[in-house]
Colleague: 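Got a structure for you, questions after.
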Amino acid sequence: MPEYSFDLVVIGSGIAGQAAASSAAEAGLSVVMLEKTGSLGGSTAMSGGFFAFSGTGEQAADGVHDSADLFLNDMVAAGGGVSDRALLQTYLDHQAETYHWLKDQGVVFRALEISSGQSAPRSHNSVITEVLTTLHRNFTSHGGETRLNHRATRLVRENGKVTAVVVQSPDGESMFHSRGGIVLATGGFSRSTHLLRTFAPDALTAIPYGGKGNTGDGLKMAWKLGAGMADMSYVTATYGSHPDTGEEFHELLTAYYMGAIVVNKEGKRFMDESQSYKVLGREVLKEAEGLGFQIFDAKIRAKSHPGIPLNDIGMLENIGHVHKADSLEELARLAGIDAAGLVQTVARYNASITGDQADETGRTNLCNGVGELLPLDQAPFYAYPAKALMTTTYCGVTINSDAQVVDIDGDVIDGLYAIGEVTGGFHGAAYMTGTSLGKGAVFGRIVAQHASANLSPVRA
Ligand SMILES: Cc1cc2nc3c(=O)[nH]c(=O)nc-3n(C[C@H](O)[C@H](O)[C@H](O)COP(=O)(O)OP(=O)(O)OC[C@H]3O[C@@H](n4cnc5c(N)ncnc54)[C@H](O)[C@@H]3O)c2cc1C
């Protein structure tokens, strides 16, 4: 079989793979990036483009008070206290450097939003396809090589060290050797029925989503070598997508973080809507038809943010996905919700805001402990029917702060790195918006720096 040799072999071309490959090529390493599908980008290319950073110029310009400590507390809380603190600290230690590196390459953060798991606005929105194009241009201009339709199938370990990977392409099998390490950046397994059935059978009823190539190949290759695993029991779908959401057009609305409530077909609320949309995703799957309707009024409709994913109500109204009526009874009829149930629920909700009565779900704020609730009392009223979308898995192989894969006994698997969604331990029980793209970029940079430092004596 044909054999090739590089300083670094990166498997996967999403944000994690591109950040590692581009940074390593910049550092002078010879790098190949292998991608199993016919196009670059994986789930990253389908994403909302939010990166979570604190202490940025965008936050300062908006007068946002945030800090690394607050960010850490939020991540620990969002993760239910089970995240690997060393990985969170590594993220915080490297976020500024990564943010500036992205900006230096021309990445533009066009909006700043507060979203799932955040108690200060720290979701920096980018046009993610432009980010990927920018990184790939940088990679190529530094001599990096890309191979599409190249699927990594097996890691080769010699004397305890991972030294090569066997790859399947339309031309047959080939072997890619690496002097500085093999990097698994293969994404999650939202497209693997087999792995979902093994780790998260409930999620099989959610709308299938995520990059087409995200079938857990990297997880399985590392598993075979004895890699540890973390967060496997927390896989859940994300709440907030219209039932007609398809491959070509992804939509997700988080009107609940602007003040909407979520009801089932009986018009009843069934969760505290201020929680992470991953937690909401788990709850909505238990409801009839897996449906939760986001109910809001004119005040919340006015908070729509045109052009910004998750917040653009106007665009969803234009494509006919939002019901609108002058009364709650009429809204219920249009949306297929029990009218009496909806009217009672809204009355109870409003009374809990203006009166002494506690909220029936325990909700006290808009999102993650902040923001004042508003009564739903100003016509017209709106309903957005939404289901849970199986976007991401956020769990997988265990790594240390240098992104080296660690086996089930806690020992480093020499020569093997893992970054991005294929890794576990970082998010814990639930994810904060923007930390997955952020994590891919941060740990991608770390791999490049680590591999480069280890190779320098060899290259000198
Ligand atoms: C709709 C949607 C919206 C999202 N919005 C956000 C957001 O705004 N902010 C945020 O932080 N996160 C968001 N996420 C999550 C985030 O996009 C992903 O977790 C992240 O992009 C994963 O990056 P990655 O590089 O690890 O994997 P991916 O981007 O999925 O890339 C993995 C690549 O590896 C390839 N691959 C797999 N197996 C092999 C193999 N054997 N050989 C070669 N190649 C292989 C795949 O084909 C794929 O191209 C969103 C996800 C979705 C689906």
Side-chain angles (χ1 to χ4, degrees), residues 9-21 32-53 111 113 115-117 122-128 131-132 135 146-155 165-169 176 182-192 207-222 237-238 240-241 245 247 249-252 254 277-278 308-311 389-396 418-423 426-427 431-444:
V9 176
V10 178
I11 311 171
S13 67
I15 185 68
Q18 298 257 12
V32 66
M33 185 163 63
L34 309 171
E35 167 55 49
K36 110 194 219 189
T37 68
S39 55
L40 300 174
S43 285
T44 304
M46 307 166 85
S47 78
F50 289 105
F51 286 77
F53 295 122
E113 303 284 343
S115 32
S116 186
R122 73 175 71 94
S123 290
H124 295 67
N125 189 246
S126 64
V127 178
I128 194 64
V131 176
L132 288 169
L135 294 187
T146 305
R147 305 271 201 279
L148 295 177
N149 300 308
H150 277 56
R151 182 168 67 91
T153 56
R154 188 165 53 84
L155 296 167
V165 60
V166 177
V167 172
Q168 186 71 43
S169 78
F176 285 75
I182 304 280
V183 186
L184 299 174
T186 46
F189 55 88
S190 64
R191 290 292 187 173
S192 167
I207 303 172
Y209 219 70
K212 277 280 169 59
N214 291 23
T215 51
D217 299 3
L219 177 75
K220 288 194 276 189
M221 285 189 281
T238 301
S241 295
T245 286
E247 294 303 323
F249 182 65
H250 160 244
E251 62 180 76
L252 186 96
T254 56
Y277 46 39
K278 284 286 186 185
I308 302 301
L310 279 55
N311 298 282
L389 199 63
M390 192 55 240
T391 50
T392 42
T393 44
Y394 295 143
C395 63
I419 47 175
E421 207 184 308
V422 68
T423 62
F426 183 88
H427 299 292
Y431 133 104
M432 174 197 293
T433 303
T435 51
S436 190
L437 293 178
K439 176 182 83 163
V442 164
F443 284 89

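All values derive from a computational prediction rather than experimental measurement. Every number for a ligand or one of its atoms is a count from 1 in the order of the listing.
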Colleague: Hey, does the side chain of R191 reach the backbone of Y209 with a donor-acceptor pair shorter than 3.5 angstrom?
Modeller: yes
Colleague: With distance as the sole test, does S123 use its side chain to make a donor-acceptor pair with the main-chain N or O of A52 at under 3.5 Å?
Modeller: no
Colleague: Find out whether V131 and T44 are in side-chain contact, i.e. whether some heavy atom of one side chain is under 4.5 Å from a heavy atom of the other.
Modeller: no
Colleague: Which of these, G438, G440, G187, has its nearest heavy atom closest to atom 27 (O) of ligand 1?
Modeller: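 Among G438, G440, G187, the closest heavy atom to atom 27 (O) of ligand 1 belongs to G187.
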Colleague: How close does the nearest protein non-hydrogen atom get to atom 15 (C) of ligand 1, and which residue and atom is it?
Modeller: Y394 OH, 3.2 Å
Colleague: Identify, for atom 51 (C) of ligand 1, the protein heavy atom at the shortest distance, and state residue, atom and that distance.
Modeller: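 Checked against all protein heavy atoms, atom 51 (C) of ligand 1 sits closest to T392 CG2, 3.7 Å.
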Colleague: Among all protein heavy atoms in this structure, tell me which lies nearest to atom 28 (P) of ligand 1, with the distance rounded to 0.1 Å.
Modeller: S43 N, 3.6 Å
Colleague: Considering G420, A16, S47, S126, which one's heavy-atom position lies nearest to atom 17 (O) of ligand 1?
Modeller: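 Looking at heavy atoms only, S47 sits closest to atom 17 (O) of ligand 1.
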Colleague: Applying a strict 4.0 Å limit to heavy atoms, is K212 in contact with ligand 1?
Modeller: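 False for this residue.
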Colleague: Is there a side chain to side chain donor-acceptor pair (under 3.5 Å) between T433 and Y277 once you walk through the steps?
Modeller: CA-CA 9 Å; T433 303; Y277 46 39; 2.8 Å; yes
Colleague: Would you kindly specify which portion of Y431 sits under 4.0 Å from ligand 1, judged on non-hydrogen atoms: side chain, backbone, both or neither?
Modeller: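 Just the side chain.
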Colleague: Which residue supplies the protein heavy atom nearest to atom 29 (O) of ligand 1, what is that atom called, and how far is it?
Modeller: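 Nearest neighbour among protein heavy atoms for atom 29 (O) of ligand 1, to 0.1 Å: T44 OG1, 2.5 Å.
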Colleague: Determine whether S169 and N149 make a side-chain contact, defined as any pair of heavy atoms from C-beta on separated by less than 4.5 Å.
Modeller: no
Colleague: What are the atoms of ligand 1, with element, lying closer than 4.0 Å to any heavy atom of F50?
Modeller: 7 (C), 8 (O), 9 (N), 10 (C), 11 (O)
Colleague: Any N or O of I419 that comes nearer than 3.5 Å to an N or O of ligand 1?
Modeller: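 No.
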Colleague: Of the side chain and backbone of A185, name the one, both, or neither that has a heavy atom under 4.0 Å from an atom of ligand 1.
Modeller: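 The backbone, only.
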Colleague: Below 3.5 angstrom, do we get any N/O pair linking G41 and ligand 1?
Modeller: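 Yes.
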Colleague: Is a donor from one side chain sitting under 3.5 angstrom from an acceptor on the other, for T215 and K220?
Modeller: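 No, no side-chain donor-acceptor contact under 3.5 Å.
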Colleague: What is the closest protein heavy atom to atom 11 (O) of ligand 1, and at what distance does it sit?
Modeller: L437 N, 2.7 Å
Colleague: With distance as the sole criterion, is a donor-acceptor pair present between the side chains of Y431 and T238 under 3.5 Å?
Modeller: no
Colleague: Mark yes or no for whether S126, through its side chain, and G49, through its backbone, hold a donor-acceptor pair below 3.5 Å.
Modeller: yes
Colleague: Taking only non-hydrogen atoms of F51, do any sit less than 4.0 angstrom from ligand 1?
Modeller: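 Checking ligand 1 against F51, which is what was asked, there is no heavy-atom contact under 4.0 Å.
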Colleague: Below 4.0 Å from ligand 1: does a non-hydrogen atom of T435 turn up there or not?
Modeller: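 Distance cut 4.0 Å: T435 passes for ligand 1.
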Colleague: Name the closest protein heavy atom to atom 30 (O) of ligand 1, giving the residue it belongs to and the distance to 0.1 Å.
Modeller: N214 ND2, 2.7 Å
Colleague: Look at the side chain of T186 and the backbone N and O of G12, then say whether any donor-acceptor pair between them is shorter than 3.5 Å.
Modeller: no
Colleague: Record the part of I15 in heavy-atom contact with ligand 1 below 4.0 Å; permitted values are side chain, backbone, both and neither.
Modeller: both
Colleague: Could a heavy atom of G218 be found less than 4.0 Å from some atom of ligand 1?
Modeller: no
Colleague: Which of the listed options, E35, H150, R191, R151, holds the heavy atom that is closest to atom 49 (O) of ligand 1?
Modeller: E35
Colleague: Backbone, side chain, both or neither: what part of L34 comes under 4.0 angstrom of ligand 1, heavy atoms only?
Modeller: backbone
Colleague: Please write down residue, atom name and distance for the protein heavy atom closest to atom 43 (C) of ligand 1.
Modeller: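 Nearest protein contact, heavy atoms only, for atom 43 (C) of ligand 1 is K36 N, 3.2 Å.
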Colleague: Less than 4.5 Å apart, side chain to side chain, heavy atoms only: is that true for H427 and T393?
Modeller: no
Colleague: Does any N/O atom on I11 come nearer than 3.5 Å to any N/O atom on ligand 1?
Modeller: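 No - when backbone and side-chain N and O of I11 are compared with those of ligand 1, no distance drops under 3.5 Å.
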Colleague: Specify whether F51 and F53 have parallel, tilted or perpendicular ring planes, treating 30° as the upper limit for parallel and 60° as the lower limit for perpendicular.
Modeller: parallel
Colleague: Counting heavy atoms only, which of S169, G48, A441, G210 is nearest atom 5 (N) of ligand 1?
Modeller: G48
Colleague: Would S436 count as a polar contact of ligand 1, with the cut-off being nitrogen or oxygen pairs under 3.5 Å?
Modeller: yes
Colleague: Out of curiosity, is G211 lining ligand 1, as in a heavy atom under 4.0 Å away?
Modeller: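 No; G211 lies far enough from ligand 1 that no heavy-atom distance drops under 4.0 Å.
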Colleague: Is there side-chain contact between T423 and K439, with at least one heavy-atom pair below 4.5 Å?
Modeller: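 Side-chain contact under 4.5 Å: yes.
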Colleague: Looking only at protein heavy atoms, which one is nearest to atom 22 (C) of ligand 1, and how far off is it?
Modeller: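 Protein heavy atom at minimum distance: E421 OE1, 3.6 Å.
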Colleague: Is it true that, when you exclude R151 itself, more than 12 heavy atoms of the residues, nucleotides or ligands shown sit nearer than 6.0 Å to its CZ?
Modeller: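 For R151, atom CZ is not crowded (no more than 12 foreign heavy atoms under 6.0 Å).
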